[in-house]
Amino acid sequence: MAFGGGYFKTTYAGDLALIDTRLRRAALGLLVFALIVLPRFASPFMLDLVAQTALAAVGALALNLLTGLAGQVSLGHAGFIAAGAFTTAVLVEHRLPSPLLALPAAALVGAGLGVIVGIPALRLKGLYLALGTLALHHVVLYACGEFQSHWGANTGVSIPPPRFGAWVLKGTIAWYYALTAIGGLVLVLSVNLQRSRAGRAWMAIRDREIAAESVGIDVARYKVLAFVWSSALTSVAGALFAYQRAFVSVEAFGFFLAIEYIAMVIIGGLGSALGAVLGAAFVTLLPYGIDAGVAALRVPGGAEYYLFPLKFGAFGLLMAAFLVFEPQGLVGIWRRARNWVVLWPLRYRPLRPAS
Amino acid sequence: MARPALMLLAALLGVTATVTPALAQYRIGMSAAIAAVLVTITLGILLRAAIVLVYTDRIRHPLPLLGLANPPRRLPGGAVVSTFDLLTVAVAATLFVGLFAFLRLSPLGIQMRAAGEKPLLAAQRGINFQLLFALSWALAGFAGALAGILYANNVRLDPSLGVLGLKAFAVALVGGLDSLGGVIPGALIVAAVEVLSVRYGDPLLADVSPFLCLLAMLPVRPWGLFGTREELERV
Amino acid sequence: MVLRVEDVTLDFDGLRALSGVSMSVDAGGLAALVGPNGAGKTCLLNCVGGFYAPTSGRIVFGDAAIQGLPPHRIAAHGIARTFQFVELFRGMTVLDNILLGRHRHMRAGVLAGALFWGRSRREETAHRRRVEEIVEFLELERCRKELVASLPFGVQKIVAIGRALALEPKLLLLDEPSTGMNREEKENLARFLLRIKHELGMTMLWVEHDMELVGDLADTVTVLDFGQRIAAGPPGAVLHDPRVIEAYLGRAASREKGAG
Amino acid sequence: MIPDLELENLEVVYHHVATAIQGVSLRVPPGAIVALLGTNGAGKTTTLRAISGFLGADDAQIVGGRVLFQGATVTGRPPHELARRGLVLVPERDKVFETLTVQENLRALVPGARVDHDAPRPPVTLEQVFHYFPALAGRRRQLAGYLSGGERQMLALATALLCRPRVLLVDELSLGLAPRVIESLMALVARLRDELGLAVLLVEQNAGAALAVASYGYVMEHGRIVYDGTVERLLAHEDVREFYLGMGRRAGRRSYTEVKQYQRRRRWF
């Protein structure tokens, strides 16, 4: 990092390694071990929370790929989630409930929608793009709503548990392992992307489009690619969401969900994979935290009525607090803490010697 | 729970909602436009929570409560519109002319445009840009609130009225974000499409029609019908 | 002749930025382009680099006419450039910035990059080696893992040259590389420019305001004023041309020249 | 005499961790032009920004020392307040409002109501501005974004003048300008000092141009002032001559083709 001393590498491969010290390797091993043995100790409710967080992290990582890396703001990611979920629902309605069909189909639908937004995005910037994606979200929801009422299932569509041959993915613990593994895999893939050619090209476009062109990056191609990959991944998350909840209804994918996803990447810290995961955990767990807080305070009856606006308001307050006080998000706090430890007992990094 | 506590909480939400924009807009590391969108949404979330806390989310019709009437008027040419419809048009026109004059001619308006372009330079020239940002948010809030009042009296009052704001985004973009003059044709087009899709389509379609307008316009003229085309970046 | 600009005219909203400019750059040469602010130097560079499409005229690079091509296609032809205000990728490290210069020479796609195994990993290592050569060439070892945004402007300008060199171009366009440098840094820059010319054999088209640098280093000088070429030739002759002194250098500068 | 501007041991830190300047002290007496020279990254621009007030977006803090303006401590005051008091910065980049016309750029500031009238400062009128910068008068209706580099610098100076400065902080006046333009702008700064009685702190890479008009100079390296003195003393210093003016040991300018193939060392202390 930017500190003077530290570890010296003798090969480029060594310098490229993600986990480069014994301490980090040990910490990672411990974390994986803890996640594996967790079901022996935790309640099903806790496991479900972890699983939900992992699923949200997949969506947040996908959005981070688009917004954090490539710099293309999307307010319509709930639309892609809805598209994935409803792709599954449509297949189920056509008696094709196999996840081996539904997941690739969701990815394809997502990729297609990605192209549909990606191509106008070539000429759009900032505000226009954000609102364009928001518009797409509304249109996708309209289409989903039409489908829902068309099939006569006004409340929603039930989804059977995913079946892989003879084995059925069912129960809290199974879902916990499946979703945590998927979340971990997507995290590793996103981290890798950031240190390879395509990820660098996206970051270049984010930082300075004109300079990106000057080094020979086909900006148009890479922008569309970012939309396609991000929305395909998000749609797969949507399909998983449908299977896990076993139910799909258009009400679940409203404007607020889109805001939740953008909040995840912002509260977590834009452009950082770790941030996306932290943000996903934060936003997913927040409502339960408030529930627990209300329960602990033993407020008199009738309080449930106010719970929804309370959650809403707390969410807004936290968003505002992060926007104002910590634009770097949770990852910024983490970096500061790390700097504090590394620099201790000094407070500031000294000026570098003459170069 | 005690009602005063809720009121206090609502007040806290409201204050945060009004202070956030001015503070957040220049701190955030992203482009100003994105920061503005996020801040607007946050603000919406906060205000909505505050409103539900205080007033609950029942739908109301304020007009009879205020003891006002909204009689229909016959226009020359035979069309019939409500009084508040006429009032809305009049208010919109006044607001439009007033804003135009303010931003083009008054020193404060010029300072506002200056601070919008380069907050730091404005500060270095003795302009308190945070005050100006707060003022511009207040102006926007005032105009939005006027729209809300007129709509609530004319149609109904409920907390999900905020969706109107999303339509306003569509209008602003179709007209061209940097063109005050584009607002009127933009609004006319969006409204016409909405009315026509109620008439010939279904009401659900009408709800998304502003967004369809937006999506149709963006690939063709991304800078809006009357906006200025973004110049090539200087290098 | 590596680059030929033939009768290029460029209009913006009725404003004529370039009118009928012609010039050529010989292989291996260091050609300077000078002139007052707003004379159209950067516009000409932008036409060659593909950021502006000339209203009329031709730009020939090697055997190919390149006017009006998009910038990334021009980069693929072997033209790299630096910018007046560096335009680096501020949120990335020096290494990543220079690695981006290798983009055109690399192959890995999105999926290969996400997996980061086998071929894409070997490719990354191989190009990292090339980047280290550039880091060493430009003496940037100390800051290779620093974020570009935290570096002083003068160092950023050198990083920008490094990013352009990583493209392994045949022609390097430099837009006021010495702006914001003091004498000492300019001497370093001069050293790098001479080494690029002699050791890498690259052809350079160089927009510059510092007449001492131009006088000492350039092989040929072209002077623009109000979008027109007013003089061209070896620096010794051009910088004493009365018209150039009148339009650009001013009296004091020419006195200095006379004395030195 | 109280200096118009004085820095006492100023220390600035970026992003809560990175030290940018450590213990800078300097004085700008009334009516003087003081030059601040230094290599890139020495902290010159940071010093100017620290004087004229940081914004939250910079993520920088003054963690030690004081800024005194006409005897009063103004450390960490917001930029607009400092500008109104008469401490006005002409920044290095982003110095005009490009989407406004020249006239609007000037008019955004003209109404004197916001500036306190009792301050012993020269009133500056639009006529005066056009008198100093006749080139701007002809371009009143043009968008500032279309101005050339020299004209932009003039407009930046003009809007700074309209803030009725006591002390003018100028960051890289000569950046990217033609030799002829630099010459005339430097002469203009000297003229403003003479006619309006301004004090000027001139931050420059172009040491030759700055020392031609300044009376006193500071040399800054690695966040510290390493050498200071009258212009005569600076011009006599061997290292200033070698590293900032490019003079060889012998008389006359050293050619760039004679550069050494290694980094040279300098010896300030």
Side-chain angles (χ1 to χ4, degrees), chain A residues 1-6 68 71 73 125-128 203 206-211 214 266-272 274-275 278 317-355, chain D residues 9-25 37-47 49-50 54-65 78 93-94 98-99 145 219-227 239 242-244 260 262-269:
Chain A
M1 282 307 288
F3 303 109
V73 175
K125 282 217 178 82
L127 199 53
Y128 293 87
M203 287 191 272
R206 169 196 72 190
D207 282 358
R208 195 71 182 138
E209 221 169 271
I210 237 172
S214 83
I266 294 215
I267 290 178
L270 211 53
S272 154
L274 175 68
L278 290 179
L317 275 177
L318 277 164
M319 244 323 246
F322 272 101
L323 285 175
V324 174
F325 298 112
E326 193 54 83
Q328 307 264 330
L330 291 167
V331 155
I333 297 175
W334 157 244
R335 284 189 193 133
R336 271 227 295 288
R338 198 184 54 191
N339 280 339
W340 190 86
V341 171
V342 172
L343 287 174
W344 194 87
L346 300 176
R347 277 190 68 198
Y348 308 119
R349 202 166 66 208
L351 270 173
R352 276 178 295 281
S355 55
Chain D
N9 273 320
L10 203 65
E11 289 176 37
V12 173
V13 157
Y14 274 103
H15 312 298
H16 304 279
V17 287
T19 312
I21 60 175
Q22 34 193 6
V24 166
S25 301
L37 311 175
T39 40
N40 258 302
K44 302 186 306 293
T45 297
T46 304
T47 310
R49 295 287 295 278
F54 284 116
L55 288 184
D58 299 330
D59 201 11
Q61 288 97 28
I62 297 175
V63 293
R93 265 183 263 171
D94 291 338
E98 295 180 356
T99 55
V219 178
M220 198 171 174
E221 289 197 356
H222 306 298
R224 289 196 176 90
I225 302 283
V226 289
Y227 192 74
D239 286 351
E242 181 171 359
F243 295 114
Y244 288 94
K260 304 227 169 72
Y262 53 89
Q263 304 249 339
R264 288 171 302 146
R265 303 274 295 277
R266 60 176 90 74
R267 30 178 202 280
W268 294 112
F269 302 108

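Reminder, nothing fancy here: chain letters follow the sequence lines and each chain counts from 1. These numbers come from a predicted model, not from an experiment. Only heavy atoms go into these numbers, but all of them, side chains included; no hydrogens, no water, no symmetry mates.
- D:T45 meets the side chain to side chain donor-acceptor pair (under 3.5 Å) test with D:D171; sequence neighbours excluded.
- Only the side chain of A:R336 comes within less than 4.5 Å of a heavy atom of chain D; its backbone N, CA, C and O stay farther away.
- Distance check, rounded to the nearest 0.5 Å: CD of A:Q328 to NE2 of D:H15 gives 8.0 Å.
- Atom OH in A:Y348 sits 7.0 Å away from atom CD in D:Q61 (nearest 0.5 Å).
- Applying the salt bridge (charged side-chain N to carboxylate O under 4.0 Å, His left out) criterion to A:R347, with sequence neighbours excluded, gives no partner residue.
- Both the backbone and the side chain of D:V17 come within contact range of chain A, judged by heavy atoms closer than 4.5 Å.
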